[in-house]
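One structure is given below, encoded as structure tokens.
Because the structure is a prediction, the values reported are computed rather than measured.
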Amino acid sequence: MSTLPTKPNTRIEVLDIYRGFAVLGIFMVNIVIMHSTFINQDAYLAQFTAPVDLITQKILQLFFYTKFFPIFSLLFGLGIAIQVLKRKEEHKPITGFLTRRMFFLFLFGILHIVFIWSGDVLHLYALLGLLTMAFIRLPNKILVTFAVLLVCFPFYDFLLESLFNAIHFEPFTYLSDYDGRKINSIITTGTYLEGFQLRSLEYLTNLPMLFGFLAPVALSMFLLGLFLGKNKIIYSLDQFLLKIKKPMLLLALITNVYRVLFLEVLTNLNSYKTEIIRTLFIKLMVICDVAMGLFYLWLIGWVWYYTPWQKIVSPLKYVGRMALTNYILQSAIGVVLFSSIGFKLYETLRPVETLIIPSIVFAIQIVLSKIWLKHFKYGPLEWLWRCLTYKRLIPISNY
């Protein structure tokens, strides 16, 4: 049998729509961070008090933050499961294939950090992707139990802090000599080499967030994706969506009530100043955000299978088929928009503008992706990744 990846005409179209949707949401969040880094973000945003800007920040908090990273992670885990099952059915080796695939994804991620942006998640996906090989043979109940425990455990920060203390690693010291003004100056007027140094320090400083927050959520969603893939639910997704309709609607209602309470009430309580209470409140918020991301997937699937509005979500598939290329391209666009090698717009935009710009860019990406896919089977980075994984040159042209 052919060793080529799944042919375009056999793709599961709704998965591409999901991936496109995830790429959109991730860009909406990432561009806020690209425009003003964590160290100065709160102070920068505090100056905008116009209703449209305050509403924009609420929209991002309620509908975007911590919703799309879990979606992307689940789809990644699902993709691994589909590939493993396919190779198993074809009696082809699995371990070497996945190891190569994750190695080159890790390399893409490192290059992304070095040359473009420190907020890369590809290298994290690659590392966790290797771990999933140890989980894929586990029974369904254990997979789901691990997934739930990983996302619900509230004390990763304390465990990571203990580990860092034991090895004498102090990530927060790397940017101790940098304030918001200095970072702004480096990004908008500094050399590319100075930008590389800043990205390196930012990456080291953000390691607690990467491994104490993002990694557990990602691994949890990987395992949930493995569960969906192992049980071939994607091949009868319409029936599955119908089956879980009431639970998903109830979950969306409950989690949204808590999310609104958290943003408007709980953070203003005196008890929120207590570390343990604050940790638990935030963990519940994260759980609700993850649940909202899963609801988004259910909702898009429902629109796709059970409503006449497929045309609304259908264009997402073009970006989704080129998710890796478009993800990296978005980071490159951020560099051009905000840094000294481009328009130097770092910390010059209002919140509403950071919402409008990625919407416009994503619309352009849909058009460009559609044009590209008329002529080629894969996006350029997807094609390169396949060639490296399969250790041979794979035809890319549609002609």
Side-chain angles (χ1 to χ4, degrees), residues 19-39 41 60 64-66 68-69 71-73 75-76 104-127 183-184 186-188 190-207 209-210 214 218 318-349 353-366 368-369 372 379-385:
R19 291 187 187 100
F21 181 67
V23 170
L24 167 62
I26 286 172
F27 190 34
M28 289 288 193
V29 176
N30 283 352
I31 202 166
V32 174
I33 304 169
M34 293 175 189
H35 175 252
S36 182
T37 57
F38 287 120
I39 196 171
Q41 197 171 104
L60 289 170
F64 289 93
Y65 292 160
T66 326
F68 290 86
F69 177 73
I71 293 175
F72 216 25
S73 302
L75 295 172
F76 190 83
F104 288 114
L105 183 66
F106 180 81
L107 187 59
F108 285 157
I110 295 301
L111 293 175
H112 186 201
I113 294 170
V114 170
F115 293 106
I116 303 178
W117 189 46
S118 64
D120 172 81
V121 297
L122 298 179
H123 72 295
L124 177 65
Y125 278 14
L127 294 173
I183 291 174
N184 186 308
I186 291 173
I187 292 175
T188 56
T191 65
Y192 190 80
L193 184 60
E194 290 174 323
F196 163 73
Q197 183 179 10
L198 177 61
R199 284 194 299 277
S200 302
L201 296 177
E202 282 180 331
Y203 177 80
L204 293 171
T205 301
N206 289 331
L207 281 176
M209 175 179 291
L210 185 67
L214 294 180
Y318 302 113
V319 173
R321 285 182 60 184
M322 299 172 53
L324 176 61
T325 297
N326 281 303
Y327 169 73
I328 297 295
L329 178 60
Q330 288 171 350
S331 297
I333 290 171
V335 170
V336 173
L337 286 175
F338 303 126
S339 77
S340 60
I341 66 171
F343 295 101
K344 304 179 182 180
L345 296 178
Y346 182 81
E347 290 191 341
T348 63
L349 303 178
E353 292 171 326
T354 63
L355 187 66
I356 293 171
I357 288 175
S359 302
I360 294 172
V361 169
F362 187 79
I364 294 172
Q365 284 187 296
I366 289 176
L368 294 179
S369 297
W372 177 275
L381 289 184
E382 286 76 10
W383 172 77
L384 177 60
W385 192 18

Q: Applying side chain to side chain contact (heavy atoms under 4.5 Å, CB included), run through Leu384 and Phe104 and close with a yes or a no.
A: CA-CA 10 Å; Leu384 177 60; Phe104 288 114; over 6 Å; no
What distance separates [X] [atom1] from [Y] [atom2], expressed to the nearest 0.5 Å?
X      : Y      : atom1 : atom2 : result
Ser36  : Leu349 : OG    : CG    : 10.5 Å
Ile328 : Leu381 : CD1   : CG    : 6.5 Å
Ile187 : Arg199 : CD1   : CZ    : 9.5 Å
Phe196 : Ile113 : CZ    : CD1   : 10.5 Å
Ile71  : Ile26  : CD1   : CD1   : 8.5 Å
Leu111 : Leu107 : CG    : CG    : 4.5 Å

[X] to [Y] - nearest heavy-atom pair and separation:
X      : Y      : value
Tyr318 : Ile366 : CB-O, 4.0 Å
Glu353 : Thr348 : OE1-O, 4.4 Å
Glu382 : Met322 : OE2-C, 3.0 Å
Gly20  : Phe362 : O-CZ, 3.4 Å
Tyr192 : Val114 : OH-O, 4.4 Å
Ser73  : Tyr125 : OG-OH, 2.7 Å

Is the side chain of [X] donor-acceptor paired with the backbone N or O of [Y] at a distance under 3.5 Å, no angle test?
X      : Y      : answer
Glu347 : Asn184 : no
His35  : Thr354 : no
Arg19  : Arg321 : no
Thr188 : Lys344 : no

Hey, does [Y] have a side-chain heavy atom less than 4.5 Å from the side chain of [X]?
X      : Y      : result
Phe76  : Leu105 : yes
Leu24  : Phe68  : no
Leu329 : Phe27  : no
Tyr203 : Leu210 : yes
Val32  : Tyr65  : yes
Trp117 : Asn30  : yes
Thr325 : Trp383 : no
Leu122 : Tyr327 : yes

Check your understanding: Who pairs with Asn206 by side-chain hydrogen bond (donor to acceptor under 3.5 Å, both in side chains), at least two apart in sequence or on another chain?
Key ->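 Result, side-chain hydrogen bond (donor to acceptor under 3.5 Å, both in side chains) vs Asn206: none returned.
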The single option from Val23, Ile357, Leu355 that satisfies side chain to side chain contact (heavy atoms under 4.5 Å, CB included) with Met28 is Leu355
**Message:** With side chain to side chain contact (heavy atoms under 4.5 Å, CB included) as the criterion, how do Met34 and Ser331 come out once you've worked through the C-alpha distance, each side chain's angles and the decisive distance to 0.1 Å?
**Reply:** CA-CA 8 Å; Met34 293 175 189; Ser331 297; 3.9 Å; yes
(message) Assess, by modelled atom type and distance only, whether the side chains of Thr37 and Tyr346 contain a donor and an acceptor separated by less than 3.5 Å.
(response)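 Tyr346 and Thr37 do have a side-chain donor-acceptor pair below 3.5 Å.
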